[in-house]
Amino acid sequence: MAMYEKLVKAFIMEIKEDKLLELENNFYEEVRDYVKTLQGEEKERALYFYRELRKLRLYKAFYGDRDNLVEEEVKILESIEKIHEEEKKEEPKDIYTLNNIELVRVLLNFPSFTDGKRIYNLEKNDILSIDEKIAKILEKHSIVKRFKVEP
């Protein structure tokens with residue numbers, strides 16, 4: 001069976017099955033070698049099936065069992081999980097701002113406006129953290145009420 005038919009068949013069978021199909025351990029390497037020999041539209045089609053097959057198999061591995069993974073897929077999953085574990089360990093960073101921020105409750109629906117950096121959509125009873133200067137102006141016109149926060 002030619003490599004292209006083997007690739008397409010693997011992709012179609014993988015879609016049909018809930019569990020991961022068994023692939024030869026060097027399957028992806030063979031496909032990459034095959035793709036290097038192609039040009040134009042043929043190459044694009046083969047690359048499409050290659051990428052989609054890998055995505056599908058990795059998706060199944062994330063949300064299902066991991067039987068029948070090839071070594072290359074195991075390495076990819078281990079790398080992703082390592083990154084995910086490192087992200088969990090990171091402490092939240094303090095928010096740094098040059099402006100003083102006020103916590104406000106919106107008293108009435110108000111048309112959208114901008115401060116040049118952000119668009120504000122104010123709906124009654126929303127709770128927002130906004131720049132102190134904007135909060136003072138909106139409070140002066142009875143659009144918001146600032147929270148009294150004591151340290």
Side-chain angles (χ1 to χ4, degrees), residues 1-106 109-135 138 143-144 146-147 149 151:
M1 177 184 311
M3 182 49 78
Y4 182 78
E5 286 89 20
K6 190 175 178 181
L7 174 62
V8 172
K9 182 180 178 187
F11 175 73
I12 292 170
M13 295 304 293
E14 199 69 55
I15 288 174
K16 290 181 180 181
E17 296 294 324
D18 291 334
K19 294 187 178 216
L20 288 168
L21 297 176
E22 192 172 335
L23 293 178
E24 297 166 12
N25 214 22
N26 63 346
F27 180 79
Y28 291 125
E29 188 176 327
E30 288 179 5
V31 171
R32 285 190 295 268
D33 289 343
Y34 166 70
V35 168
K36 288 177 186 176
T37 67
L38 301 176
Q39 292 180 350
E41 196 173 311
E42 282 183 296
K43 186 173 190 168
E44 290 303 314
R45 278 196 313 266
L47 282 171
Y48 169 80
F49 285 113
Y50 167 75
R51 285 189 300 262
E52 294 304 311
L53 176 63
R54 281 179 53 143
K55 283 194 282 188
L56 178 59
R57 288 181 58 83
L58 291 171
Y59 178 84
K60 283 182 176 184
F62 273 121
Y63 298 105
D65 70 63
R66 295 187 175 187
D67 294 338
N68 297 329
L69 285 176
V70 297
E71 285 179 38
E72 189 173 321
E73 293 166 334
V74 170
K75 288 177 183 175
I76 292 169
L77 288 172
E78 287 173 351
S79 297
I80 292 169
E81 287 170 344
K82 182 179 178 185
I83 291 168
H84 183 67
E85 287 301 315
E86 288 172 4
E87 286 176 349
K88 282 183 181 179
K89 292 178 188 175
E90 287 183 14
E91 293 291 321
K93 295 179 180 154
D94 292 335
I95 298 173
Y96 174 76
T97 179
L98 296 175
N99 302 323
N100 291 325
I101 302 296
E102 292 284 337
L103 191 61
V104 298
R105 181 173 61 86
V106 180
N109 290 335
F110 192 76
S112 298
F113 67 95
T114 183
D115 64 0
K117 296 177 187 171
R118 175 178 293 154
I119 297 174
Y120 296 91
N121 297 306
L122 305 181
E123 294 188 25
K124 188 175 182 178
N125 294 323
D126 282 351
I127 306 294
L128 306 170
S129 59
I130 59 175
D131 184 275
E132 179 181 40
K133 293 175 187 173
I134 295 172
L138 294 173
I143 297 166
V144 302
R146 289 188 292 170
F147 284 97
V149 179

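Counting begins at 1 with the first residue of the sequence.
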Exercise. Heavy atoms only: give me the nearest Ala46-Val35 pair and the separation to one decimal.
Key: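 So the two residues come closest at CB-CG2, 3.9 Å.
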Quiz item: Do you know which two heavy atoms are closest between Asn68 and Arg57, and how far apart they sit?
Solution: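 Scanning both residues, the minimum pair turns out to be O-NH2, 2.8 Å.
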Quiz prompt | Phe110/Val144 under side chain to side chain contact (heavy atoms under 4.5 Å, CB included): CA gap, chis, key distance, verdict | solution = CA-CA 10 Å; Phe110 192 76; Val144 302; over 6 Å; no
Quiz item: Do you know which of Arg54, Lys9, Lys60 makes side chain to side chain donor-acceptor pair (under 3.5 Å) with Glu14?
Solution: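 Testing Glu14 for a side chain to side chain donor-acceptor pair (under 3.5 Å) against Arg54, Lys9, Lys60 leaves exactly one candidate, Lys60.
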Quiz item: Among pairs that include at least one residue of residues 19-44, which meet ring pair (Phe, Tyr, Trp, His ring centres under 6.0 Å), considering only residues two or more places apart or in two chains?
Solution: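 The answer is Tyr28-Tyr50.
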Name all residues meeting the salt bridge (Lys or Arg N to Asp or Glu O under 4.0 Å) criterion together with [X]; count only those two or more places apart in sequence or in a different chain, and write none if there are none.
X: Glu71; value: none
X: Arg32; value: Glu72
X: Glu29; value: none
X: Arg146; value: Glu102, Glu139

Could you list the residues that satisfy side chain to side chain donor-acceptor pair (under 3.5 Å) with [X], not counting sequence neighbours?
X: Tyr120; value: Asp115
X: Asn125; value: Arg105
X: Glu123; value: none

Quiz item: Does a side-chain N-to-carboxylate-O contact under 4.0 Å join Glu78 and Lys82?
Solution: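 Looking at Lys82 together with Glu78, the answer is no, because their closest N to O distance does not fall below 4.0 Å.
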Quiz prompt | Close side-chain approach of Leu138 and Leu122, heavy atoms under 4.5 Å | solution =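 Side chain of Leu138 against side chain of Leu122, heavy atoms only: contact under 4.5 Å found.
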Quiz item: Quick one: ring pair (Phe, Tyr, Trp, His ring centres under 6.0 Å) partners of Tyr4, sequence neighbours excluded?
Solution: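 Ring pair (Phe, Tyr, Trp, His ring centres under 6.0 Å) list for Tyr4, sorted by chain: empty.
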Practice problem: Mind checking side-chain contact (heavy atoms from CB on, under 4.5 Å) for Ser112 and listing every partner two or more places apart, or none if nothing turns up? | Solution: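 Ser112 satisfies side-chain contact (heavy atoms from CB on, under 4.5 Å) with Ile119, Asn121 only.
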Practice problem: Not counting sequence neighbours, which residues clear side-chain contact (heavy atoms from CB on, under 4.5 Å) with Leu77? List them please. | Solution: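 With neighbours one apart ignored, the set is Leu58, Ala61, Phe62, Arg66, Leu69.
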Which value, rounded to the nearest 0.5 Å, describes the distance between [X] atom [atom1] and [Y] atom [atom2]?
X: Asp131; Y: Ile101; atom1: CG; atom2: CD1; value: 5.5 Å
X: Leu7; Y: Ile12; atom1: CG; atom2: CD1; value: 9.5 Å
X: Asn109; Y: Asp126; atom1: CG; atom2: CG; value: 8.5 Å

Self-check item: Donor-acceptor under 3.5 Å (Glu52 side chain, Phe49 main chain)
Solution: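 It does not hold such a pair.
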Which atom pairs, one a donor and one an acceptor, fall under 3.5 Å between side chains of residues 15-24 and the rest of the protein, sequence neighbours left out?
{"residue": "Glu24", "atom": "OE1", "partner": "Lys6", "partner atom": "NZ", "Å": "3.3"}
{"residue": "Glu24", "atom": "OE2", "partner": "Lys6", "partner atom": "NZ", "Å": "3.1"}

